Amino acid sequence: MELHNPAKTNEKAVEESLEGMPAFVRSWRQVYVFLLLFLVLLVLVFSWFSEVWR
Amino acid sequence: MSWLDWTVLALTQLLIVVYGVWKSRQDRDMESYLRSRTMSWFTVGLSIMATQASAITFLSAPGLAYEEGMRFVQFYFGLPIAMVILSAFAVPLYYRLNVYTAYEFLEKRFDVKTRTLAAVLFLTQRGLAAGFTIFAPSLILSSLLGWNIYYTNLVIGGIVIIYTVTGGTRAVARTQKTQMAIILAGMVLAAWYVVKGLPDGVGMEGALTLAGKLGRLETIDWTFDLENRYTIWSGLLGGTFLMLSYFGTDQSQVQRYLGGQSIAQSRMGLLFNGLLKIPMQFAILFVGALVFAFYVFQAPPVFFNKVVAEETRQGAAGDQFVAIESAFAEAAAARKAAALNVLQQPEDAAAVEALREKQAAVDGLREEAKSLIKQGNPAADTNDINYIFLTYVFDFLPAGLVGLIISVIFSASMSSTSSELQALASTTVVDVYKRLMKPAATEQDCYQVSRWATVGWGVYAIIFAMFANRLGTLIEAVNILGSLVYGTILGIFMVAFLFKQVGARAVFLSALLSEVLILGLFFYSDLPFLWYNVVGCVVVVVASLVGTKLRFW
């Protein structure tokens, strides 16, 4: 039987803490996905920018 | 430089140093000197960005855009991906283990031998790189302003040593915050002034039209070409590995985000860097594209390094060089006429084609001038990209703003150097002094030794910067030296993170094998040195895995 380990649970909570983030952010995964989508957006914007002035 | 420029330069530098030292005057122990877990995500993020952006970033990038367009921005596409990976895996691990340096993790995962090997490889490479960070801007400033390079090295290195030793990590981070503000203000003002300096009726739209038609606004290259240094694929694939290595295993960066108040603040600092770095680099390159458009209307010099150009003019091929300069001035005037024609009818394909032909003539004459310089002095550096932006600054910006731009260069150089000195000091104290020489050392002992180590590494960097002036090829040697060790360090960390079945003996012997192989390649092959990074990493990972599987190690 696996026993509940409070120290481990606390460590996990500290690692997942979103302290300082806006209230609508629910997890770090959301932030990571946002950053990667931002990268895709930048690539598209840069492509458009070069095309417009070519 | 006018008295106003000197005043702006002196005041901004004084403000930065006094503010940083005053805000961190309470830090008098090892914890706050080397790590100081008190910083907000904003300070961590700016500190990370300031560490990465050296003076050469602000001198080279606009020059690159002037010469080749803005494709260099793709080099940073791997950075957000690396920030996500490090935030998810490396940051919680370093916090959980409560480490001061990245190399402490290697002892916890493997053994003391592996930790010491990685620390020594880092100290060797980063010690010389710190000297180069001081030397590179000193060389350019001494060439353009006639300053004595030894005094420039001493001033930049001396100021950094004073505030790093006095205030520690928090002083470094706080000064970096102010330095970033000065850097951004300087670049924005410079961009505004370029546009303001364009002829009446041209403006921003005209500048963009010309820069775009002449290929200076090209950003994305979708071709898969291994010969081409900057494509979206090299940025995404190679860039991710490079940034993982730099931000995940280089103590000068690890120390920055370990200074966060909490895991969340450190993560946010890293992700803030991932969010802002590409737009910031785009903006710096954009300034270079604007400077290019500006020089369409103001005839540029055929070669931007004035000292080398003058040497050629005075040399055996002086007459030929003067003839090229004269032809270049005529070609630039013809380009200006074609540019004005394009601005009147931007959709006219014939007008655009004529402009491109004139640009090709200008480029051709520049290449001829470079060949002539090389003929006259085979040791001369014909790459003048680093001099383009500063030539514009000195020739066209008003008094006061020139001082601010010099302050930008000083700030960028010092912000990188201070992080490097701190990282060298912490690795020396934590991984060598306390671990190997005096395990019973108290916190106060370590604090004092850290300060002396910072001074020692600072003096070492300045001495290297002094010698680098006499031994031009040493600059390339520093880059090669970095490539000789970076791949092996990344390989050790990759095995540590990804392959739990590999033990200490396997990874240590694989790292030694990798170093022997890389040294063999260095002495006995023609492989370009950038590939040593890939070879080193792959050899450590594969040899560790195969050796463990076959029970060979």
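To find a chain, count down the sequence lines: A is the first, B the second, and so on, and within it residues start at 1. Since the model is a prediction, treat every value here as computed from it, not as a measurement.
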B:Arg216, part contacting chain A, at a heavy-atom distance under 4.5 Å: neither
Structural part of B:Ser40 lying under 4.5 Å from a heavy atom of chain A: neither
Select one option (side chain, backbone, both, neither) describing which atoms of A:Val31 are under 4.5 Å from chain B's heavy atoms. side chain
Drop me the distance from A:Phe49's CZ to B:Leu208's CG, to the nearest 0.5 angstrom. 5.5 Å
What part of B:Val73 gets closer than 4.5 Å to chain A, counting heavy atoms only: side chain, backbone, both or neither? side chain
Given that the side chain runs from C-beta out, which part of B:Leu236 has a heavy atom under 4.5 Å from chain A: side chain, backbone, both or neither? side chain
Between B:Thr209, B:Val195, B:Leu198, which is the residue that forms a side chain to side chain contact (heavy atoms under 4.5 Å, CB included) with B:Met204? B:Val195
Under the ring-ring contact (aromatic ring centres under 6.0 Å, His included) definition, can you give me all pairs with a residue in residues 10-35 of chain A, not counting sequence neighbours? none
At a 4.5 Å cut-off on heavy atoms, which part of B:Ile232 comes close to chain A: side chain, backbone, both, or neither? side chain
Please check this pair: side chain of B:Gln253 against backbone of B:Gly248, looking for a donor-acceptor N/O pair closer than 3.5 Å. no
About how many Å separate CD of B:Gln52 and CG of B:Leu79, when rounded to the nearest 0.5 Å? 6.0 Å
Nearest 0.5 Å please: distance from the CG atom of B:Leu86 over to the CG atom of B:Leu93. 11.0 Å
Would you check if the side chain of B:Ser266 reaches a backbone N or O of B:Tyr257 as a donor-acceptor pair within less than 3.5 Å? yes
Which bit of B:Tyr95 is near chain A, if near means a heavy-atom gap under 4.5 Å: side chain, backbone, both or neither? neither
Any idea which of B:Arg267, B:Met268, B:Met70 has the most non-hydrogen atom pairs under 4.5 angstrom with chain A? B:Arg267
Return the option, out of B:Lys213, B:Glu218, B:Gln261, with the maximum number of heavy-atom pairs under 4.5 Å with chain A. B:Glu218
Check side-chain hydrogen bond (donor to acceptor under 3.5 Å, both in side chains) between B:Tyr230 and all other residues, then give those that pass, not counting sequence neighbours. none
Interface moiety of B:Ala211 toward chain A, non-hydrogen atoms closer than 4.5 Å: neither
So what's closer than 4.5 Å to chain B heavy atoms on A:Phe46: side chain, backbone, both or neither? both
